[in-house]
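What follows is a set of notes on a single structure, which appears directly below.
Keep in mind it's a predicted model, so treat the numbers as computed, not measured. Atoms within a ligand are numbered from 1 in the order they appear, just like the ligands themselves.
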Amino acid sequence: MMGRSVVLIKPDGVQRGLIGEVIKRFEQKGLHLVGLKMISLTDAILDEWYVHHKDKPFFPSLKAYMMSYPVVAMLWEGIEAATTIRTLLGVTKGRAAAAGTIRGDFAMSQQYNLVHASESDEAAEKEQSLIFTEEEIFPWMKIDLSQFYAEEELK
Ligand code: CMP
């Protein structure tokens, strides 16, 4: 089933000039970009976004980091998009992430891990509503989908 994932290129990814690298990997994989913008995250957005981390000791530092510079927010579509994108990212701790993943190839830190992606379809829906308006989402027809999936997979 087609799904969506919200991806943020975090402040460290923006600072390190990795916006193009991340987008390149997702495009090459066959994912479909339906929303893209730069945004400065606010206290209010982050309280909602990271509500499951609010009691963790690193929460204040995580928020300060996520507000330190703008992020690039994207909405990607694909079959099982959330799982697929998390595989491309690698595990949270950059220095433990497998080679070939984005964090495995470019990150050392547990906090400065370059990219965020939705954990599930439900998380993607919540995150989408926190960042994008309906007008900022473009469900354009990708004409080469049949080269990336078998017909049965697209039904
Ligand atoms: P992500 O998994 O995208 O969302 C939660 C973020 O919190 C995570 O990426 C890291 O940036 C950060 N994080 C997770 N664990 C720690 C930790 N132990 N110390 C500091 N930051 C963390």
Side-chain angles (χ1 to χ4, degrees), residues 1-134 136-139 142 148:
M1 202 185 74
M2 275 296 164
R4 282 180 173 174
S5 174
V6 178
V7 173
L8 301 178
I9 303 179
K10 297 182 180 185
D12 52 324
V14 172
Q15 280 289 358
R16 289 181 49 194
L18 291 171
I19 298 168
E21 177 68 35
V22 172
I23 292 177
K24 184 191 79 174
R25 288 177 178 225
F26 290 4
E27 284 186 319
Q28 285 178 340
K29 180 74 173 166
L31 291 153
H32 178 192
L33 183 63
V34 297
L36 170 70
K37 68 177 182 180
M38 184 169 263
I39 177 174
S40 288
L41 295 173
T42 61
D43 217 51
I45 293 176
L46 287 166
D47 280 345
E48 267 296 305
W49 193 276
Y50 286 132
V51 69
H52 49 298
H53 288 313
K54 75 174 186 345
D55 297 324
K56 306 260 171 71
F58 60 82
F59 185 62
S61 155
L62 173 61
K63 269 175 64 176
Y65 151 59
M66 292 298 287
M67 288 193 290
S68 61
Y69 295 100
V71 301
V72 171
M74 300 178 283
L75 188 59
W76 289 90
E77 255 181 30
I79 296 182
E80 295 170 16
T83 317
T84 306
I85 289 176
R86 288 180 77 82
T87 303
L88 295 184
L89 261 51
V91 296
T92 302
K93 193 196 279 182
R95 54 190 177 274
T101 64
I102 294 170
R103 290 168 176 160
D105 289 350
F106 297 104
M108 281 297 283
S109 169
Q110 180 153 25
Q111 181 168 48
Y112 292 7
N113 59 3
L114 302 171
V115 197
H116 163 91
S118 309
E119 260 172 44
S120 59
D121 288 349
E122 299 74 58
E125 256 179 57
K126 171 187 149 182
E127 292 172 3
Q128 178 183 314
S129 69
L130 284 170
I131 298 261
F132 293 100
T133 64
E134 276 307 313
E136 289 172 334
I137 299 170
F138 300 87
K142 189 164 156 53
F148 284 96

Notebook entry, point to check: Of the listed options (Leu89, Leu8, Thr92), which comes nearest to atom 2 (O) of ligand 1 when hydrogens are ignored and any heavy atom counts?
Noted result: Thr92

Next item on the list: Could you tell me whether some N/O pair between His116 and ligand 1 is separated by less than 3.5 angstrom?
Entry: yes

Next item on the list: Give the numbers and elements of all ligand 1 atoms closer than 4.0 Å to a heavy atom of Asn113.
Entry: 8 (C), 9 (O), 10 (C), 11 (O)

Checklist line | Ion pair check, Asp47 and Lys54, cut-off under 4.0 Å | finding: no

Margin query: Closer than 4.0 Å to some heavy atom of Arg103 - which atoms of ligand 1 meet that?
Written below: 3 (O)

Check: Between the main-chain N or O of Ile131 and the side-chain N or O of Lys37, is there a donor-acceptor pair closer than 3.5 Å?
Finding: yes

Notebook entry, point to check: Any idea which atoms of ligand 1 are less than 4.0 Å away from a heavy-atom of Tyr50?
Noted result: 4 (O), 5 (C)

Check: For atom 13 (N) of ligand 1, which protein heavy atom lies nearest, and how many Å away is it?
Finding: Phe58 CE1, 3.6 Å

Notebook entry, point to check: Looking only at N/O atoms, are Arg86 and ligand 1 under 3.5 Å apart anywhere?
Noted result: no

Check: Is the side chain of Arg103 donor-acceptor paired with the backbone N or O of Val115 at a distance under 3.5 Å, no angle test?
Finding: yes

Item checked: ligand 1 contacted by Tyr112 (non-hydrogen, < 4.0 Å) -> no

Notebook entry, point to check: If you count the non-hydrogen atoms of other residues, nucleotides and ligands that lie under 6.0 Å from CD in Glu119, is the total more than 12?
Noted result: no

Margin query: I'd like to know if the side chain of Asp12 and the backbone of Leu114 have a donor-acceptor N/O pair within less than 3.5 Å.
Written below: yes

Check: For the residue pair Tyr112 and Tyr65, is the inter-centroid distance of their aromatic rings smaller than 6.0 Å?
Finding: yes

Notebook entry, point to check: Mind checking whether Gln111 has an N or O less than 3.5 Å away from an N or O of ligand 1?
Noted result: yes

Checklist line | Side-chain donor/acceptor of Ser118 to backbone N/O of Val6, under 3.5 Å | finding: yes

Check: Considering Lys10, Gln110, Lys93, His53, which one's heavy-atom position lies nearest to atom 1 (P) of ligand 1?
Finding: Lys10

Next item on the list: Quick one: look up the protein heavy atom nearest atom 12 (C) of ligand 1 and list residue, atom name and how far away it is.
Entry: Leu62 CD1, 3.7 Å

Item checked: Check ion pair Lys24-Glu21 (N to O, under 4.0 angstrom) -> yes

